[in-house]
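This report refers to the structure that appears directly beneath it.
For the numbers below, each heavy atom of this structure counts, side chains included, while hydrogens, waters and symmetry mates do not. Throughout, a chain's letter reflects where its sequence line sits, starting with A, and its residues are numbered from 1.
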Amino acid sequence: MTDTTSTDTPTFSDFGLHPSILQAVAATGYTTPTPIQSQAIPVVIDGRDVMGAAQTGTGKTAAFTLPILHRLMASANTSASPARHPVRALILTPTRELADQVADNVAKYRQGTPLRSAVVFGGVDIGPQRDALRRGCEVLIATPGRLLDHVEQRNVNLGQVGILVLDEADRMLDMGFLPDLERIVRLLPAKRQTLLFSATFSSEIRKLARASLNTPVEIEVAARNATADTVSQIAYPLSGDDKRAAVVHLVKSRGLNQVIVFSNTKIGTSRLARQLERDGVKAESIHGDKSQLDRMKALEAFKAGELEVLVATDVAARGLDVAGVPCVINYDLPYNAEDYVHRIGRTGRAGAKGEAIALFAPDEERFLLDIEKLIKAKIPRGSLSLPPRSRFSDRTRGSMPSSRKPVDDFFYRPYVPSASASQKGGEPSGKAASSATGKRSVGVLLGGGR
DNA sequence: AAAAAAT
């Protein structure tokens, strides 16, 4: 399926894109299309449906945005009346952040054109979105729930949508959006162009594709579920407090900035960010229980380089495009091996080098084995030399400095139902004693092999 | 077992 046999280096001007769009592309500094762009752009310009498997970070957003804008320009509505700006292209994404980010891209590439775009998603005031919809836009980017809200309020009519994009379709299905998607699709003209992008082609995705696509062209760049070869991977066996110490150590000893640390739970994510702050690491957290404003603030601060660490749930695992993330740390291993691939896809983007570090407790090793099976590669095991544990940085229960307020203590004590109280005490196993160097060699006792 | 998404 992969076709990279072209002899000359292609350029964006080879596609015959509208001059205004080409100019916007030139302004971004990109000159050479990525493989998925080379494959998708001509096909989309031709009006064909597309079933695309592409890792994020491959330039997927521009791969559909550029030809869509081109098609809209080719049949541009020259009327100046706002009422003559019906939605003609609809782009659906699973998360609010992703919708926002795709909208930024669309806004950038439509600069020199008369086309308008708008973005709608939940968690923020609906008023400004309603105003934007009523002013009119040719391109609408949305998460499904809020879009249906607008439909019910008659803020938007989808009867003129000629192009539908389902971005991260597998994720939308995972999140239970299928009924919403079906409702939305029923509101669209049957005669339309549909582009479906998905990390995997599961049977559910194929079913959705059969229902919504018309003889699609299948495009697949890079092997499915393969991790970008620009990302180096390593796994450190660590548990409990040593995981946090390792994050602090990695960030501080290497002067890292803009590291994404993934945790499996919203509570764990908040707690870890707080603890890292206490350890002198500039950290913020992002997860679905935070207000949309806080989520956007955290992401903005992270993008602006103001944070050393962004601690995130899988809300940030897919699609988010932040330039220059040098390193992704899996503080918990994800339950689904596929999520690992998405998480580490936040680094090593656009050909840059990246590093993916997994911290795994003994009971998480089975997840690591699942991941290795999925990516068909072994992730090398390493061991970290952590600085000696200072009395004052030791958060282990019972050794809290007396200056600590009792209320803080609460956050560090895992909740243990009284019926089964008592067994979780003691130090994690697998921790080596201090060596003569004063470094604690951690994890080696856990071994690395199978 | 957990996260996300309309309110």
Side-chain angles (χ1 to χ4, degrees), chain A residues 56 90-103 118-130 133 140-156 158 166-184 187 198-200 204 260-273 285-296 298-299 310-320 328 330-343 345-346 360-361 363-368 370-371 414-415 417:
Chain A
T56 45
L90 175 64
I91 302 169
L92 298 177
T93 72
T95 66
R96 300 163 181 176
E97 278 77 6
L98 196 50
D100 209 25
Q101 182 182 289
V102 171
V119 58
V120 301
F121 51 76
V124 295
D125 266 7
I126 202 166
Q129 296 179 357
R130 180 177 49 226
L133 291 174
L140 179 59
I141 303 95
T143 49
R146 180 56 72 89
L147 176 64
L148 284 170
D149 203 351
H150 282 292
V151 168
E152 279 164 18
Q153 294 190 24
R154 307 228 183 280
N155 297 334
V156 65
L158 302 178
L166 302 173
D167 198 12
E168 306 274 353
D170 51 344
R171 176 79 158 152
M172 288 200 278
L173 293 195
D174 286 348
M175 287 166 58
F177 275 141
L178 185 58
D180 285 353
L181 294 184
E182 288 171 338
R183 277 187 65 197
I184 292 167
L187 298 168
S198 179
T200 58
E204 288 80 13
I260 302 180
V261 176
F262 282 104
S263 163
N264 284 353
T265 66
K266 292 181 277 201
I267 289 176
T269 299
S270 280
R271 185 176 50 206
L272 179 58
S285 63
I286 184 167
H287 59 72
D289 273 356
K290 295 193 109 183
S291 73
Q292 195 57 33
L293 184 65
D294 281 348
R295 281 164 65 163
M296 292 193 279
L299 198 55
L310 180 70
V311 191
T313 59
D314 281 318
V315 68
R318 298 195 188 210
L320 277 198
V328 165
N330 277 287
Y331 189 83
D332 300 315
L333 285 183
Y335 300 123
N336 294 320
E338 262 173 26
D339 288 331
Y340 174 85
V341 178
H342 293 293
R343 288 178 177 187
R346 297 317 95 213
F360 69 103
D363 63 333
E364 290 178 294
E365 185 161 29
R366 61 201 169 96
F367 298 128
L368 198 56
D370 286 346
I371 290 163
Y415 171 68

Contact pattern, 5' to 3', of nucleotides 2-7 of chain B - B, S or - by protein heavy atom under 4.0 Å: BSBBBS

A/R295: salt bridge (charged side-chain N to carboxylate O under 4.0 Å, His left out) partners, not counting sequence neighbours: A/E97

I'd like a table of donor-acceptor pairs (distance under 3.5 Å, sequence neighbours excluded) in which one partner is a side-chain atom from residues 121-130 of chain A, with atom names and distances.
residue: A/Q129; atom: OE1; partner: A/R146; partner atom: NH1; Å: 3.1
residue: A/Q129; atom: OE1; partner: A/H150; partner atom: NE2; Å: 2.9
residue: A/Q129; atom: NE2; partner: A/F121; partner atom: O; Å: 3.0

A/R366: partners by side chain to side chain contact (heavy atoms under 4.5 Å, CB included), with sequence neighbours left out: none

Residues which pass side chain to side chain donor-acceptor pair (under 3.5 Å) with A/D149, listed by chain and number, not counting sequence neighbours: A/Q153

Counterpart residues, salt bridge (charged side-chain N to carboxylate O under 4.0 Å, His left out), relative to A/D339 (two or more places apart): A/R318

